[in-house]
Amino acid sequence: MKKLLTTILVAGSCLLGGAAAQAGKSGGTLSFLVQPEPPTLASYVSTSGPIGLVMPKVYEGLFDYDNDGTMVPILAESYDMSADGKTVTFKLRKGVKWHDGKPFTSADVKFTVMDVLKKVHPRGPNSFREVSSIDTPDAHTAVFNLKKPAPYMMRSFSAYESPMVPKHLLEGKDIKDAPLKNKPVGTGPFKFVEWKKGQYIRLDKNKDYWQEGLPYLDRIVGRFIPDASTRTAAMENGEVLYAAYNAIPNIDAVRLKDRKDIDVTTDGYSMINPMALIEFNTKEGAFVDPAIRRAISTAIDRRFMIDTIFFGYGKPATSALSSNFKATNLHASMPNYPEKGDKAAANAILDKAGYKKDGNGVRLKAVLDIIPYGEDWRRAGEYLKQAMGDIGIQLELRYEDVPTWLKRVYHRYDFEMNVNYFYQLPDPVLGVHRHYGTDQIRKGTHFVNSSRYSNPKLDALLDSGAGEPDAAKRTAKYKEIQQILAEDMPVVNLFELEFLVVYNTKLKGVYGSAMGAYGSFREGYLDD
Amino acid sequence: MSKSSKIFKYVGKRLLQGVPIIIAIVVINFFLLNLAEGDAVDVLAGEAGSATPEYMEQLRKRFGLDQPLPVQLMVYLKNVLTLDLGYSFRHEMPVNALIFDRFAATGLLMTSTIILAVGFGILLGLLAAMRLNTWKDNVITIFALITYATPLFWVGLMMIVVFSLNLGWFPTSGMTNVAAFYEGWDYVVDVSRHLVLPTITLSLFYLALYTRMMRASMLEQYGQDYVVTARAKGLTERRITYVHVLRNALLPVVTMAGVQVGALIGGSVIVESVFAWPGLGMLAFESLFARDLNLLLGIFLLSSMLVVAVNLIVDIIYCFLDPRIEVS
């Protein structure tokens, strides 16, 4: 069988060797902000944000991804995909040991994917859904057998998305409840030492790390500081050196970046791909008619929202897919997504659809629910209320606490219009399909198709687009998907959020991974 | 019957009376908290991004949340009676261990705050009353009013700006220096340094209260007949103030301090949050949003026990301050 040219044998030693040669200084403690405190440390069970900040330093994935999206070999040295895309063979790194001294082998990979990620991970069943079995001809080879080609699977091997976990500590136990969950044993550059509830998590250097000379840091401490102003003060005082996922609010970040010792970057989120959006109830309430949803999308001044509420950090959405998918040629700009908003056009759409204004200029009334994740979203809601008022849609805002809001939107479908944000992740199959597929109308499951939008034509396209191994054909299919969605708009995308990393400039070497704060920090060092 | 055996009997009786009160508090809290929509499983699943309904059902079963409410309550009460406060599914730890761990931090902050607030409050109130209507009295009164009226979080943040960022005397937040991990005496010194700003911030509010109260109470006592009698007996002003008036004036202040111990756990949420102090207030606050009811109930139980205990201690202090008051 002719093999596809996907082998990246050499990259391993070269890339890493090169990086290590540039070399940072050894020693020192990095303390960084973890906000909020994680519920557990089982990154193989939960993808919760704060777990992602800590655990990729302890557990590793088969690959990492650099800022250009190139795969960087970590626990796998290379992979090889068969021509039909249905067999993927991984060559695993030799001489890797778990923190308890046991060797890392292909049995661990098989166990992790088949018994852990495919079963208990929130997104694993999706990422690895085509994997029917894994063969382990020797201790350093793992062969993934797929039912259908799954090109997107290759984007989900990072330590955050698919951490490799020790079979010998989980096998035969209740995986969600095994002691490993709060006493992690990985292969990564840092070992777990202590979790002091309400204060910090401490990780110390793994002296037996497989990569000679790494990591540079002696210790990493993740600190929990509940108050945003105090987090900013701790950053200013040099008590913490790194803060991601808006632990430092934008309003403070723009002030801090003027300091000599503090800088700000938007890198490190491209695999996460957060998108701000409005979900509509397409089954009942005010927004059943797609024309109204198109009018709303047309009326919104996305540029204004980004500049005024998010201090310029963000990109206006131009389709159902994030522009970060341009890297894989899946994104196409669509109509009904004006950057500045066109209220005249929106009014025209509504007039044409027959929604008359009453004496007060009101066409219809509705309630707008707002994601309870902070002040910024509340302000976004206030803007929307005003902008929609201009086209005759009178909104009332509703802001509840997290459990109440989740129940309302994803359990009871008791909403009309909901401001939210979704992670689109490194491939639409992983992050976008869950929004629109009929099979994703799953009452009681959070962050899936709450619009209850169902379109058999779209379902067929999503299904065939997912496994399409030919890049050009895949592009065409996703273009058609985006066209249908720009017409029906069960969800109106607002803008691509640009989260910030605020960091002290003496911390170096942690900015090269596309995983950003969810990376391993193995090449991080302090340069005073 | 001797006084001490009387006191023992009294303590025993009061403790017995406390039991039904505490059980009633537990039951009321249990139903109140269950009125809130959503449960711990919803929050956990929501944070995880997405989870299947089967998984959530499984979690509910494991947490015992699939049982009807009265059954859950009976199970909880049974556990409480065996001093087992249950399991926090959020933290994946027994509630006892969690609370015990955090109580040390809260206890430290509370004790230092009470000592500072009551101590200085009594001192300032005394001073103000003795120098009635002089500039000293005015300064103390104005100081008390301003500190009472200033929001706690603002005071905390200003403390950080002045003493951490500008002067660099104290760390901004936390309980220990996480870059160092001190041991032995260095650890004690380190914790004390971290304790200074939160203690001052939290005491300021209560300090004002006690100052005002002490001043009023002193003035009231000065007007009593026994003071006239004492003067007529030819006692010095000093002796009248420190032996007779002060002891009587302390009673309302001590009562107030006793009542406020319970409030301190709750009132410290803001200070704990601003200074990232790992205490119970913060834990209670977080567990409310995580719908971690076991943990929340445990904290409430502890604070209700604390209030009962402190009120008892206050009543006993009464009889030492004022020998006319007898326990019965």
Under 4.5 Å from any heavy atom of chain A, what part of B/Thr176 do you find: side chain, backbone, both or neither? both
Kindly check if the number of other-residue, nucleotide or ligand heavy atoms within 6.0 Å of NZ (A/Lys183) is above 12? no
What part of A/Ser31 gets closer than 4.5 Å to chain B, counting heavy atoms only: side chain, backbone, both or neither? side chain
B/Met282 versus chain A, the contacting section by heavy-atom distance below 4.5 Å: side chain
Of the listed residues (B/Asn177, B/Leu98, B/Thr172), which shares the most heavy-atom pairs with chain A below a 4.5 Å separation? B/Thr172
Counting heavy-atom pairs under 4.5 Å with chain A, the top scorer among B/Gly156, B/Ala276, B/Gly279 is B/Ala276
Greater than 12 external heavy atoms within 6.0 Å of A/Tyr399's OH: yes
B/Ile160 versus chain A, heavy atoms under 4.5 Å apart: side chain, backbone, both or neither? side chain
Expected output: side-chain A/Thr230 to main-chain B/Phe275 donor-acceptor under 3.5 Å: no
Under 4.5 Å from any heavy atom of chain A, what part of B/Leu283 do you find: side chain, backbone, both or neither? neither
Name the region of A/Phe224, side chain, backbone, both or neither, that has any atom closer than 4.5 Å to a heavy atom of chain B. backbone
Best-contacting candidate, B/Leu165, B/Asp101, B/Asp292, against chain A by heavy atom pairs under 4.5 angstrom: B/Leu165
For A/Asn237, which atoms come within 4.5 Å of any heavy atom of chain B: side chain, backbone, both, or neither? both
Structural part of A/Lys197 lying under 4.5 Å from a heavy atom of chain B: both
Among A/Lys181, A/Glu400, A/Glu37, who wins on heavy-atom pairs under 4.5 Å with chain B? A/Lys181
For atom OH of B/Tyr148, decide whether the heavy atoms of other residues, nucleotides or ligands shown that lie under 6.0 angstrom number more than 12. no
Looking just at side-chain N and O atoms, do A/Arg231 and B/Ser173 make a donor-acceptor pair shorter than 3.5 Å? no
Under a 4.5 Å heavy-atom cutoff, which of A/Arg408, A/His411, A/Glu239, A/Lys196 has the most pairs with chain B? A/Glu239
Around atom CZ of B/Phe285, are there more than 12 heavy atoms of other residues, nucleotides or ligands at under 6.0 Å? no
Apply side chain to side chain contact (heavy atoms under 4.5 Å, CB included) to residues B/Leu157 and A/Asp227 and explain how you reach the verdict. CA-CA 10 Å; B/Leu157 289 175; A/Asp227 187 83; 4.0 Å; yes
